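Right, one structure below, let's go through it.
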Amino acid sequence: MEIRDYLDIDLLDDLMAKWAAATNMIAVVLDDGGDFLSNKLGFSRDNIEAFSEEIEVDEVVVAAVVGGPLDEDADEDVVEAAAQLLVSSIQNLLEAAYRKKELEEMKENFNEEIGGAASLVKELMGKSQGLKKIENKQNILALNASIEAARAGEAGRGFTVVAHEFGKMAHESGVINDSVQKTLQQLDRSMRNLQLD
């Protein structure tokens, strides 16, 4: 990820301008390739480079802060303290921006995964409806088989047992299918609640 992908340059320039006004010093932020990220504000490496500090995000150098005092007689301790304050502020700004971008990407990936899971749940719900239709047909077949067995009298008694067992299987599969449908509906509600705005 490039630093420009997540850094608010206007916010950085505002921080740099306020720091420069408060310290009577000037500094710039350079990306890892040496290109200016912040406003140059009259900065020239030829005449101002009292300090140069690297900025890291996740232990990777992403920028550097280079600057110095406008007054050649500035106290070195003051320059060093002001530089450390600026570097810490920029480090915090970059870390916050980087983490925000990282969280946005995680949220987007999470929503995509939830959307994919929701599609699978809907597909399973459709298949469960198909099982309900099969259950209904099984019940009708079991009823018809019982009627035919009753018509056959004593000769159809064995067939009556089969028809009865077929009816029990249809009922049991219906109970299981209803339970699966309820679970899928709860899962669907839960996934809709999980999606992040």
Side-chain angles (χ1 to χ4, degrees), residues 1-12 14-15 29 31-33 35 37 54-63 88-197:
M1 183 183 319
E2 290 288 322
I3 190 171
R4 292 177 194 275
D5 292 342
Y6 60 89
L7 178 63
D8 183 340
I9 299 295
D10 292 335
L11 190 59
L12 177 65
D14 185 50
L15 171 69
V29 180
D31 67 14
D32 59 345
D35 296 325
L37 288 171
E54 292 181 337
I55 304 281
E56 294 182 359
V57 175
D58 284 347
E59 299 179 14
V60 174
V61 175
V62 295
S88 293
S89 298
I90 293 170
Q91 179 75 42
N92 289 338
L93 177 69
L94 288 175
E95 285 281 341
Y98 181 75
R99 297 295 170 233
K100 180 181 176 189
K101 182 75 170 178
E102 208 174 37
L103 285 173
E104 287 170 355
E105 289 174 359
M106 287 172 58
K107 177 182 156 183
E108 188 176 310
N109 290 338
F110 181 78
N111 281 338
E112 285 177 15
E113 291 295 324
I114 288 291
S119 294
L120 291 174
V121 167
K122 294 218 182 302
E123 182 181 332
L124 287 173
M125 289 173 110
K127 290 180 179 181
S128 180
Q129 289 297 324
L131 289 174
K132 187 72 172 168
K133 289 177 184 175
I134 291 171
E135 174 201 347
N136 291 337
K137 287 180 182 178
Q138 286 176 328
N139 281 326
I140 291 169
L141 286 173
L143 180 62
N144 285 341
S146 294
I147 292 169
E148 291 302 319
R151 280 189 192 162
E154 189 64 33
R157 200 165 47 162
F159 197 63
T160 301
V161 173
V162 172
H164 178 70
E165 287 302 314
F166 200 68
K168 278 178 37 180
M169 279 184 4
H171 174 73
E172 289 171 6
S173 68
V175 169
I176 292 169
N177 189 41
D178 288 344
S179 174
V180 167
Q181 274 197 336
K182 286 177 185 171
T183 302
L184 288 172
Q185 288 167 353
Q186 288 173 337
L187 186 58
D188 185 50
R189 277 192 301 276
S190 294
M191 285 192 300
R192 277 188 270 128
N193 290 338
L194 279 175
Q195 285 190 312
L196 304 172
D197 295 326

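The residues of the chain are indexed from 1 along the displayed sequence. Reckoned from all heavy atoms, side chains included, excluding hydrogens, waters and symmetry mates. What you are looking at is a predicted structure, and each value in this text was computed from that prediction instead of being measured.
Between Asp178 and Lys182 there is no salt bridge, since no side-chain nitrogen of the basic residue lies less than 4.0 Å from a carboxylate oxygen of the acidic one.
Atom CD1 of residue Ile3 and atom NZ of residue Lys101 lie 13.5 Å apart, to the nearest 0.5 angstrom. Rounded to the nearest 0.5 Å, atoms CD (Glu105) and CG (Asp5) are 8.5 Å apart. Between the CG atom of Leu103 and the CD atom of Glu108 there is a distance of 13.0 Å, given to the nearest 0.5 Å. Residue Ile140 holds its CD1 atom at 8.0 Å from CG of Leu143, rounded to the nearest 0.5 Å. Atoms OG1 and CD1, from Thr160 and Ile147 in turn, are 11.5 Å apart once rounded to the nearest 0.5 Å. Rounded to the nearest 0.5 Å, atoms CD (Glu172) and CD1 (Ile176) are 7.0 Å apart.
Atom CD of Glu54 sits in a sparse spot, with 12 or fewer heavy atoms from other residues, nucleotides or ligands closer than 6.0 Å.
Asp58 contributes no side-chain N or O that, together with a main-chain N or O of Val60, makes up a donor-acceptor pair within less than 3.5 Å. Put simply, the side chain of Ser128 never gets that close to the backbone of Leu124: no donor and acceptor are under 3.5 Å apart. Using modelled atom types, one side-chain atom of Ser190 and one backbone atom of Gln186 make a donor-acceptor pair closer than 3.5 Å. Looking at Gln91, its side chain does come within 3.5 Å of a backbone N or O of Glu56 through a donor-acceptor pair.
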Test log, rule side chain to side chain contact (heavy atoms under 4.5 Å, CB included), inputs Glu95 and Arg99: CA-CA 6 Å; Glu95 285 281 341; Arg99 297 295 170 233; 3.3 Å; yes
CA sep, side-chain torsions, deciding dist, call: Asp35, Arg4, side chain to side chain contact (heavy atoms under 4.5 Å, CB included): CA-CA 11 Å; Asp35 296 325; Arg4 292 177 194 275; 4.0 Å; yes
Audit row: Val62, Tyr98, side chain to side chain contact (heavy atoms under 4.5 Å, CB included) steps and yes/no: CA-CA 11 Å; Val62 295; Tyr98 181 75; over 6 Å; no
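Nearest heavy atoms, Ala117 versus Met191: CB-SD, 3.3 Å. Heavy-atom minimum distance, Ala97 versus Leu7: CB-CA, 4.5 Å. Between Gln181 and Met125 the shortest heavy-atom distance is NE2-O, 4.3 Å. What you find for Ala163 and Ala145 is that their closest heavy atoms are CB-CB, 3.5 Å. When every heavy atom of Gln138 is checked against every heavy atom of Ser173, the shortest pair comes out as OE1-OG, 3.6 Å.
For the pair His171 and Lys168, the minimum side-chain heavy-atom distance is 4.5 Å or more. Between Asp188 and Leu184 there is no side-chain heavy-atom pair separated by less than 4.5 Å.
Considering only residues two or more places apart in sequence or on other chains, Glu154 meets the salt bridge (charged side-chain N to carboxylate O under 4.0 Å, His left out) condition with Arg157.
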